[in-house]
There are 2 protein chains.
Amino acid sequence: MRENFVEACRRHGLRITGPRKIIAEALSAAHDHPDVRELHRRVMERDPTVSLSTVYRTLRQFADIGLIEQHTFDGRSVRIERAPTAHHDHLIDTQSGRVIEFSSPEIEALQIEIARRLGYELTGHRLELYGRPLAAKKR
Amino acid sequence: MRENFVEACRRHGLRITGPRKIIAEALSAAHDHPDVRELHRRVMERDPTVSLSTVYRTLRQFADIGLIEQHTFDGRSVRIERAPTAHHDHLIDTQSGRVIEFSSPEIEALQIEIARRLGYELTGHRLELYGRPLAAKKR
DNA sequence: TTGCAAATGCAAACGATTTGCAATAAGGAG
DNA sequence: CTCCTTATTGCAAATCGTTTGCATTTGCAA
């Protein structure tokens with residue numbers, strides 16, 4: 001993501017600052033979907049002087065230029081995700097809070113169809129599945 | 001909803017109080033998906049002494065006993081909906097904020113299937129479509 | 001190197017929601 | 001019908017996540 005980040009910032013006239021570099025690093029190291037406080041914690045491990053407000057501000061900018069996405073799964077705080085290369089939806093493990101990504105062309109197609117039938121052009125959607133692991137039982 | 005409300009409260013040991021009656025009335029009169037402040041506004045039209053905190057507390061209780069559902073469509077404030085008789089999802093008109101209900105057995109089935117394939121038992125889901133009306137163009 | 005707009009840290013502000021507490025009222029017992 | 005216990009209420013203050021104003025610092029183009 002490093003390159004992508006530098007390039008994207010340049011393209012949008014954002015300066016390559018210390019805090020932004022650190023935040024970008026923390027993001028590319030994140031293989032999960034942390035919330036902002038958690039991300040700030042990780043950023044502070046690299047540089048404890050970066051403030052929470054800078055993290056918030058930077059995340060908004062990164063989202064604006066398409067580097068990340070911000071989701072609110074539970075109605076609670078925002079969770080961060082590196083810019084997806086391909087579209088996908090999420091399954092949230094209700095026991096652990098873990099987020100699993102998936103995609104379903106069939107569902108995508110149905111969504112467009114449903115919107116059209118209701119007289120709308122689909123401009124976006126959100127699909128979240130909530131589930132309990134079933135493996136545990138059998139194994 | 002009047003009867004349903006009295007009965008449900010009785011069944012769960014909730015007292016039938018003045019504020020609760022008013023809130024239940026405002027809810028059954030609502031044919032949209034108001035947020036809490038808007039609902040409180042409507043409640044106050046009937047009785048200006050009912051406080052916002054009582055509305056919040058009552059809504060939580062009503063949700064607990066299944067009289068209503070609370071959604072957070074946009075990541076912003078909570079929107080209220082009378083208990084649905086049948087399950088459905090929502091399409092949000094991005095121009096007007098209006099909410100349209102729909103249901104799709106095909107999608108429901110696919111969701112269960114996807115969760116299973118990922119090793120999960122589906123315990124819940126959220127599906128929201130966002131769209132722009134297309135009728136306007138043609139007519 | 002210099003100069004200036006962009007970016008930062010801090011603390012205060014915010015909007016939505018929750019909570020502690022003393023006062024009030026529902027509704028079963030007598 | 002009145003009394004008593006306990007749930008419920010209104011109010012104000014607290015919380016939580018997020019945003020913002022402002023004085024200070026810092027990229028970076030010239």
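Labels below follow one simple rule: chain letters A, B, ... track the order of the sequence lines, proteins then strands, and each chain is numbered from 1. These numbers come from the heavy atoms of this one structure, side chains and all, not from hydrogens, waters or symmetry mates. In this text, all values refer to a predicted model and were calculated from it rather than measured experimentally.
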Can you tell me how far [atom2] of [N] sits from [atom1] of [X], to the nearest Å?
X     : N      : atom1 : atom2 : value
A:R41 : D:dG17 : CZ    : P     : 11 Å
A:F62 : C:dA7  : CZ    : P     : 11 Å
B:I16 : D:dT9  : CD1   : C1'   : 16 Å
B:Q61 : C:dA26 : CD    : C1'   : 14 Å
B:I22 : C:dA26 : CD1   : P     : 12 Å
A:D47 : C:dA7  : CG    : C1'   : 14 Å
A:H40 : D:dC16 : NE2   : C1'   : 16 Å
A:L59 : D:dT20 : CG    : C1'   : 16 Å

Choosing from [options], which nucleotide comes nearest the side chain of [X]?
X     : options                : answer
B:P19 : D:dT18, D:dT9, C:dC10  : D:dT9
A:R20 : D:dT20, C:dA25, C:dA6  : C:dA6
A:L52 : D:dT18, C:dC10, D:dG10 : D:dT18
B:T17 : C:dT17, D:dT9, D:dT19  : D:dT9
A:R15 : C:dA16, C:dA5, D:dT19  : C:dA5
B:R60 : C:dT18, C:dA26, C:dT8  : C:dT18

Shared-cluster residues of B:L122, by chain and number - hydrophobic side chains joined below 4.5 Å: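 Taking Ile, Leu, Val, Met, Phe, Trp and Tyr as members, B:L122 shares its hydrophobic cluster with A:L91, A:I100, A:F102, A:I107, A:L110, A:I112, A:I114, A:L118, A:Y120, A:L122, A:L127, A:L129, B:L91, B:I100, B:F102, B:I107, B:L110, B:I112, B:I114, B:L118, B:Y120, B:L127, B:L129.
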
B:R57 (side chain) and D:dG10 (base): donor-acceptor pair under 3.5 Å: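 A donor-acceptor contact between them is present.
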
Donor-acceptor pair (no angle test) under 3.5 Å: B:R10 side chain, C:dG27 base: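 By the distance-only test, no, there is no pair.
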
Below 4.0 Å: OP1/OP2 of C:dG9 and any side-chain N or O of A:T54: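 For C:dG9, OP1 or OP2 has a side-chain N or O of A:T54 closer than 4.0 Å.
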
Phosphate OP1/OP2 of C:dT18 contacted by B:Y56 side-chain N/O (<4.0 Å):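 Looking at the OP1 and OP2 atoms of C:dT18, neither is under 4.0 Å from any side-chain N or O of B:Y56.
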
5′-ward residue of the pair A:L14/B:V36 relative to DNA chain C: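 Closer to the 5' end of DNA chain C: A:L14.
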
For the student: nearest non-hydrogen atoms of B:C9 and B:I65, plus distance: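 Residues B:C9 and B:I65, closest heavy atoms: N-CD1, 4.4 Å.
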
Nucleotide paired to D:dT26 in any strand shown, Watson-Crick or G-U, under 3.5 Å: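 Check on D:dT26: paired to C:dA5, both distances under 3.5 Å.
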
Hphob cluster co-occupancy, B:M44 + B:L59, side-chain heavy atoms under 4.5 angstrom: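 No: no chain of side-chain contacts under 4.5 Å links B:M44 to B:L59.
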
Side chains of B:S51 and B:R57, donor plus acceptor under 3.5 Å: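 Result is no, nothing qualifies.
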
Donor on one side chain, acceptor on other, A:H71 and A:E69, under 3.5 Å: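 Their side chains do contain a donor-acceptor pair, which is all the 3.5 Å distance test asks for.
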
